[in-house]
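Here's the structure, in structure tokens; my notes come after.
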Amino acid sequence: MPNNKELKNKYDAIIVGSGGTGLTAALQARKLGLNVVILEKNEKTGGNTSRASSGMNASESLVQLQEGIIDNNRDFYEETLKGGGLLNDRAMLKYFVNHSALAISWLMKYGVNLTDLTITGGMSKKRAHRPGSMEPVGFYLTSRLTTQVKKAGVDIFTSAKVSKLLQDKNGRVNGVEVETEDGVKTIKAKAVLLATGGFGASKDIIKKYRPDLVDYKTTNQPGATGDGLKLAENVGAQLMQMNFIQVHPTADTDNPHVYLIGEGLRGEGAILVNKAGERFVNELSTRKIVSNAITDLHEDGAYLIFDYGVRAHFAAVEFYDQIGLVVHGDSLDQLAEKIGVDPYNLNETVSNWNKAVETHKDKAFGRTTGMDRLLDRGPYFAIHIHPAIHYTMGGIHIDTDTEVLDTNGNVIKGLYAAGEASGGLHGNNRIGGNSIAETVIFGRQAGIQMTKYARTIK
């Protein structure tokens, strides 16, 4: 995307990164009157957010009530805390939960309508909001927000890599150095937001904190190399919980490009089977539990099994199929033959699963969610999956105002961080659907707080 505007020497706010967090913050700050620029090192906007496929979690939303779902923030809080091994930053989590429904409504104001609901692992209610068309939430969100941000008058520059944060004599962050196609430029600002995403594609950072995961493939876009964390560390910011790296249980790693197979597919009723054609786990346990169960098979991954009825409720399958990840079978026998699992066992497994759905009692593994439909509508489908590095829960230490904290716990004035670049919200395991919610909830908060701060500076 050519940058046809000229990069100015000064803005009210500089936003580094153009995923869900950066776009949300830019739109919110602009609507509050700030002159904002987004600097994106990749050639196009969207970051990792554009790859997200399941949904955006929220409790007590108007969409839930419309669907007859009575939810409450307390349950969302407790289930996320449990999912994160009780290691979540409680204040961050409370802010997150209490502002989740508002974030859904705020998006609707800008034509981002997440009106369909599904469920993800570790949640007791349908909280994952997604487009009514059931298309993958990430690209839907980032493409629409990009349009809104441009319409609002925010300058976006791609192929613009921020290499340094600038500070005044009092240590306040007041600008950046950025590498562009025209050379290195210095840009001044009242506030800088690091919305640079995580470090799932950074072998060097992973090797430092989790050498056991260094050979795992990743679902992240190649630009997820922890740049924001390095920039922040260079001005004395504290990094926290860096060893908490999430492995997603279902990714296609058989191709050079790793594809995440969204948790929403299991939320709609898909099951997992091993080489023997048998289930081996509650498919909607937390990602940590499901990933470990697949790894412990020592069988070169596992298979997601689903039918036409499930496929019709998860539009991302059309994309997976288009790129050759989906195996088809007119019957379960034919599918079993194609993927090399025992046909008798697969039929038996699906039959037992259908009984569990009918009685809503999964005696085998205690699954209680994603049981809305039988697997009885041919053709049948399978996707071969492996666990892959998916999300980095650790990152820059921030407070609930998205202000960056130094190693003594003091605020670094003028510097903000939000989204996957920040740490603490998720504990040691992120619940599916919470990252998109984090980008919007804390992206908005960053936009608001940067504006508040900028107004105090002459």
Side-chain angles (χ1 to χ4, degrees), residues 5-40 45 92 95 99 102-103 106 109-110 145-146 148-157 160 162-178 185-196 227-228 231-232 234-237 396-406 409-419 421-422 438-458:
K5 289 185 176 177
E6 186 156 359
L7 192 53
K8 298 182 191 121
N9 298 326
K10 196 176 178 189
Y11 291 87
D12 292 326
I14 295 168
I15 290 169
V16 190
S18 68
T21 306
L23 292 167
T24 302
L27 186 56
Q28 182 64 82
R30 182 74 192 115
K31 292 292 179 182
L32 289 169
L34 289 199
N35 184 12
V36 183
V37 66
I38 295 176
L39 302 175
E40 168 59 59
T45 61
M92 292 272 292
Y95 183 92
H99 290 79
L102 185 62
W106 182 84
K109 209 171 89 164
Y110 297 107
L145 282 181
T146 299
Q148 289 290 344
V149 161
K150 286 178 180 170
K151 200 168 126 189
V154 173
D155 290 349
I156 302 177
F157 291 90
V162 172
S163 50
K164 189 179 178 185
L165 295 173
L166 304 175
Q167 291 172 288
D168 67 13
K169 60 181 187 301
N170 299 316
R172 182 178 77 82
V173 171
N174 65 350
V176 302
E177 267 184 17
V178 57
K185 288 192 171 186
T186 296
I187 309 168
K188 290 299 180 97
K190 294 171 181 175
V192 176
L193 170 67
L194 298 172
T196 48
D227 298 9
L231 289 169
N234 285 340
V235 295
I396 301 163
H397 193 179
I398 62 169
D399 60 19
T400 53
D401 287 342
T402 70
E403 297 171 308
V404 173
L405 305 176
D406 68 15
N410 299 318
V411 168
I412 299 174
K413 291 285 185 191
L415 185 60
Y416 298 80
S422 66
E438 178 183 22
T439 68
V440 180
I441 294 161
F442 285 104
R444 283 194 68 219
Q445 174 68 320
I448 292 164
Q449 295 305 325
M450 285 194 300
T451 305
K452 192 174 160 185
Y453 176 70
R455 286 175 182 173
T456 68
I457 295 170
K458 296 287 172 271

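- In this structure, R444 and L102 have side chains that are in contact, with non-hydrogen atoms separated by less than 4.5 Å.
- A distance-only check finds a donor-acceptor pair linking the side chain of R30 to the backbone of A152 [under 3.5 Å].
- No salt bridge links K452 with D401; every basic N to acidic carboxylate O contact stays at or beyond 4.0 Å.
- Between the CZ atom in F442 and the CE atom in M92 there is a gap of 4.0 Å [rounded to 0.5 Å].
- Taken from OH in Y416 to CD1 in I15, the straight-line distance is 12.0 Å, to the nearest 0.5 Å.
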Let's go through I448 and T402 carefully: what are the C-alpha distance in whole Å and the side-chain angles of both, what is the deciding distance for side chain to side chain contact (heavy atoms under 4.5 Å, CB included) to 0.1 Å, and is it a yes or a no? CA-CA 10 Å; I448 292 164; T402 70; over 6 Å; no
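- Across all non-hydrogen atoms, the minimal contact from A237 to V404 is CB-CG1, 3.6 Å.
- Looking at every heavy atom in both residues, I187 comes nearest to K8 through CG2-O, 3.6 Å.
- Shown here for L194 and G228, the closest heavy-atom pair between the two residues is CD1-O, 3.5 Å.
- Note that CD1 of I14 is 12.0 Å distant from CD1 of I38, once rounded to the nearest 0.5 Å.
- Here the closest non-hydrogen pair linking I398 and A417 is CD1-O, 3.3 Å.
- Put simply, the side chain of R172 reaches to within 4.5 Å of the side chain of I457, judged on heavy atoms.
- Between N35 and K10, the closest side-chain pair of non-hydrogen atoms is not below 4.5 Å.
- At least one side-chain heavy atom of V411 sits under 4.5 Å from a side-chain heavy atom of L405.
- You'll find the side chain of N234 stays beyond 4.5 Å of the side chain of L165, heavy atoms only.
- Scanning for salt bridge (charged side-chain N to carboxylate O under 4.0 Å, His left out) contacts around R455 gives an empty result, with sequence neighbours left out.
- In this structure, the separation between OG1 on T196 and CG on D227 is 6.5 Å, given to the nearest 0.5 Å.
- From H99, atom NE2 reaches atom CD1 of I441 across 8.5 Å, with rounding to the nearest 0.5 Å.
- Atom CE of M450 is separated from atom CG of L193 by 5.0 Å, given to the nearest 0.5 angstrom.
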F157 and K185: side chain to side chain contact (heavy atoms under 4.5 Å, CB included), yes or no, with the steps? CA-CA 13 Å; F157 291 90; K185 288 192 171 186; over 6 Å; no
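- Residues T24 and L145 form a side-chain contact, since some pair of their non-hydrogen atoms from C-beta on lies under 4.5 Å apart.
- Across all their heavy atoms, G443 and A418 have their closest contact at N-CB, 4.5 Å.
- In summary, the side chains of Y95 and Q445 do present a donor paired with an acceptor at a separation below 3.5 Å, with no hydrogens or angles considered.
- At least one side-chain heavy atom of T146 sits less than 4.5 Å from a side-chain heavy atom of L23.
- Contact of the Q28 side chain with the W106 side chain is registered, since non-hydrogen atoms from C-beta on lie closer than 4.5 Å.
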Candidate pair V192 and L231, rule side chain to side chain contact (heavy atoms under 4.5 Å, CB included), full reasoning: CA-CA 11 Å; V192 176; L231 289 169; over 6 Å; no
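- Nearest heavy-atom pair, I396 versus A232, reported as atom, atom and distance to 0.1 Å: CD1-CB, 3.7 Å.
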